[in-house]
Participant: 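Attaching a single structure in structure tokens format; questions to follow.
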There are 2 protein chains.
Amino acid sequence: MVAENPRRAQIRREAARLFAERGFLGVGVDEIGRAVGISGPGLYRHFAGKDAMLADLLIGISERLLDQGRRRVDGADDPRAALESLLQGHIDFALDESALITLHDRELLNLPDKERRQVRSLQRQYVELWVGVARDVFPGLGEEARPAVHAVFGLLNSTPHSAAVGPSGADHPAGRAAMAELLHRLALGALGAAAETGPTA
Amino acid sequence: MVAENPRRAQIRREAARLFAERGFLGVGVDEIGRAVGISGPGLYRHFAGKDAMLADLLIGISERLLDQGRRRVDGADDPRAALESLLQGHIDFALDESALITLHDRELLNLPDKERRQVRSLQRQYVELWVGVARDVFPGLGEEARPAVHAVFGLLNSTPHSAAVGPSGADHPAGRAAMAELLHRLALGALGAAAETGPTA
DNA sequence: TGAGCCTGTGAACGATCGTTAACTTATACG
DNA sequence: CGTATAAGTTAACGATCGTTCACAGGCTCA
């Protein structure tokens with residue numbers, strides 16, 4: 001870690017915003033350049049190409065989610081606390097970095113094979129982390145734990161769609177804190193209901 | 001209704017599949033043509049352009065969802081039955097037409113202004129239909145009914161992501177029926193939890 | 001001072017893409 | 001029979017896009 005190039009960070013931020021707004025293929029390199037104050041080809045001094053920018057963003061977010069999730073589970077006193085912590089972490093992420101969350105499951109198909117496999121692997125590990133914790137908290141979940149966790153992700157990640165995404169990300173209809181609390185309750189309610197009367201298969 | 005052109009229906013089907021697989025901007029007209037056995041420019045005998053194909057798909061699905069939803073609510077004996085029916089209808093849609101569900105909230109930004117406004121209007125009416133019913137069933141839901149409904153849509157529409165989408169759509173991990181049942185329970189559990197102890201604001 | 005790197009520029013390239021044009025074939029019909 | 005229409009074809013167009021190239025200014029440092 002050697003004091004990350006600030007220009008690279010700026011490009012990342014603007015590219016994420018533009019990709020989320022109009023899609024990876026809908027944004028040209030000249031436009032990304034203009035957003036950071038340089039011209040299109042100048043970006044190639046900082047990234048190997050447009051694909052590399054998307055790969056950097058998607059791998060970065062996948063690693064951050066997984067690392068944060070592992071740290072939270074390891075630091076929790078019991079399964080219930082682990083689930084609560086996972087939830088809070090993911091909700092914070094969805095509310096504060098909605099552009100990245102959007103890209104995370106919308107632009108995977110635009111990645112080159114190698115990087116796509118890497119992101120998928122990280123995503124899979126993150127899901128398994130949740131599945132393990134969910135099974136501990138809700139023993140009633142059997143074979144359905146994995147699809148239930150996937151559905152909960154869909155629920156949590158839906159926030160970018162439910163409000164126009166402002167620059168600060170703080171303009172959710174009911175306020176950020178209220179939205180976080182609501183998502184928390186929705187997710188727990190869903191998992192709890194999946195565990196009740198579900199087949200033990 | 002004058003016996004819809006079968007070639008148009010074929011183009012719609014293949015275009016929906018390709019757009020869902022690789023994105024609207026990631027698919028060329030030549031490829032769509034090849035999928036239906038003609039060549040690229042031949043498509044222009046059936047659609048005004050590529051944009052028109054996407055518009056046809058998105059407007060079509062939005063209208064079908066809204067029409068079906070209204071019919072189901074009108075035909076229900078009580079609010080609870082209306083919610084159950086809305087749920088079943090949307091789940092059937094998500095499971096049987098996962099390609100369209102994917103496009104529905106992924107490719108809106110690629111529509112021309114006029115058509116995008118039309119789809120947004122239909123979507124808004126569909127959401128309001130759900131919000132009304134959800135408020136009747138769960139009086140505890142106040143201001144949070146709308147974001148909660150949005151989140152439930154995210155949950156239900158997540159199914160395309162949780163399994164590789166087979167041609168028949170019937171290859172969900174736990175079987176179609178089990179998946180439908182699980183989604184039903186998850187959605188009801190989420191809404192119920194949102195209504196409990198939630199601010200009445 | 002001057003050599004070398006870092007970061008930027010504008011011009012140009014090759015490829016791809018949506019669309020149009022000109023033309024052909026087959027079918028339906030008065 | 002003759003003709004209008006529907007549904008294809010290939011060729012070509014203009015535009016856009018990602019990327020490369022050749023070059024220039026400025027900073028560091030021996």
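Protein chains get the first letters and strands the later ones, always in sequence-line order, with residue 1 at the start of each. What you are looking at is a predicted structure, and each value in this text was computed from that prediction instead of being measured.
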Participant: Has A:Arg64 got its NZ or CZ under 6.0 Å from the middle of the six-membered ring of A:Phe93, at an angle within 45 degrees of the ring axis?
Facilitator: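 Verdict for A:Phe93: no cation-pi partner in A:Arg64.
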Participant: Which nucleotide sits closest to the side chain of A:Ser39: C:dG10, C:dT7, D:dG18?
Facilitator: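 Selected nucleotide: C:dG10.
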Participant: With respect to the phosphate group of D:dG8, does any side-chain polar atom (N or O) of B:Arg7 fall under 4.0 Å of OP1 or OP2?
Facilitator: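 It does, given that an N or O in the side chain of B:Arg7 lies less than 4.0 Å from OP1 or OP2 of D:dG8.
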Participant: Given atom CG of B:Leu25 and atom P of C:dC17, what is their separation to the nearest angstrom?
Facilitator: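 Roughly 11 Å, once rounded to whole Å.
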Participant: To the nearest Å, give me how far apart OH (A:Tyr44) and P (D:dC21) are.
Facilitator: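 Roughly 12 Å, once rounded to whole Å.
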Participant: Atom CZ of A:Phe47 and atom P of D:dG18: how far apart are they, to the nearest Å?
Facilitator: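 The answer, rounded to whole Å, is 15 Å.
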Participant: Mind calculating the distance between CG (B:Leu43) and P (D:dG8) to the nearest angstrom?
Facilitator: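 Distance, rounded to whole Å: 9 Å.
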Participant: Tell me the interatomic distance from B:Arg22, atom CZ, to C:dC17, atom P, rounded to whole angstroms.
Facilitator: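 Rounding to the nearest Å, CZ of B:Arg22 and P of C:dC17 are 10 Å apart.
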Participant: Indicate, with a heavy-atom threshold strictly under 4.0 Å, whether B:Gly28 touches base, sugar-phosphate, or nothing.
Facilitator: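 Result for B:Gly28 = sugar-phosphate.
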Participant: For the residue pair A:His90 and A:Tyr126, is the inter-centroid distance of their aromatic rings smaller than 6.0 Å?
Facilitator: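 Under 6.0 Å, so yes.
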Participant: Given C:dG10, C:dA21, D:dG8, which nucleotide is nearest the side-chain atoms of B:Ile38?
Facilitator: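 Out of C:dG10, C:dA21, D:dG8, the nucleotide with an atom closest to B:Ile38's side chain is D:dG8.
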Participant: Among B:Leu18, B:Asp51, B:Leu103, which residue satisfies the side chain to side chain contact (heavy atoms under 4.5 Å, CB included) criterion with B:Phe24?
Facilitator: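 That would be B:Asp51; it is the only one of B:Leu18, B:Asp51, B:Leu103 passing the side chain to side chain contact (heavy atoms under 4.5 Å, CB included) with B:Phe24.
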Participant: Are a donor atom and an acceptor atom from the side chains of A:Arg70 and A:Gln125 found within less than 3.5 Å of each other?
Facilitator: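 Result is yes, a qualifying pair exists.
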Participant: What's A:Gly40 touching, base or sugar-phosphate or nothing? Going by heavy atoms closer than 4.0 Å.
Facilitator: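 A:Gly40: no heavy atom of the nucleic acid under 4.0 Å.
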Participant: Taking CG from A:Asp51 and P from D:dT20, how many angstroms apart are they, rounded to a whole number?
Facilitator: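 After rounding, the reported distance stands at 11 Å.
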Participant: Can you work out whether B:Gly37 or A:Val29 has the more 5'-proximal nearest nucleotide on DNA chain D?
Facilitator: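 Nearer the 5' end of the strand: B:Gly37.
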Participant: Can you tell me how far C1' of C:dC17 sits from CG of B:Asn110, to the nearest Å?
Facilitator: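 Computing the B:Asn110:CG to C:dC17:C1' distance gives 14 Å.
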Participant: Do A:Gln10 and A:Arg7 pair up side chain to side chain, a donor and an acceptor below 3.5 Å, judged on atom types alone?
Facilitator: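 The answer is yes; a qualifying pair exists.
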Participant: Could you check how far NE2 of A:His46 sits from P of D:dT19, rounded to whole Å?
Facilitator: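 For the pair A:His46 NE2 and D:dT19 P, the rounded distance is 15 Å.
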Participant: May I ask you to say what B:Val27 touches in the nucleic acid, namely base, sugar-phosphate or nothing, with a heavy-atom cut-off under 4.0 Å?
Facilitator: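 Counting heavy atoms under 4.0 Å across all strands, the contact made by B:Val27 is with sugar-phosphate only.
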Participant: With respect to the side chain of B:Arg45, which nucleotide from C:dT19, C:dA22, C:dT7 is positioned closest?
Facilitator: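 In terms of side-chain proximity for B:Arg45, the closest of C:dT19, C:dA22, C:dT7 is C:dA22.
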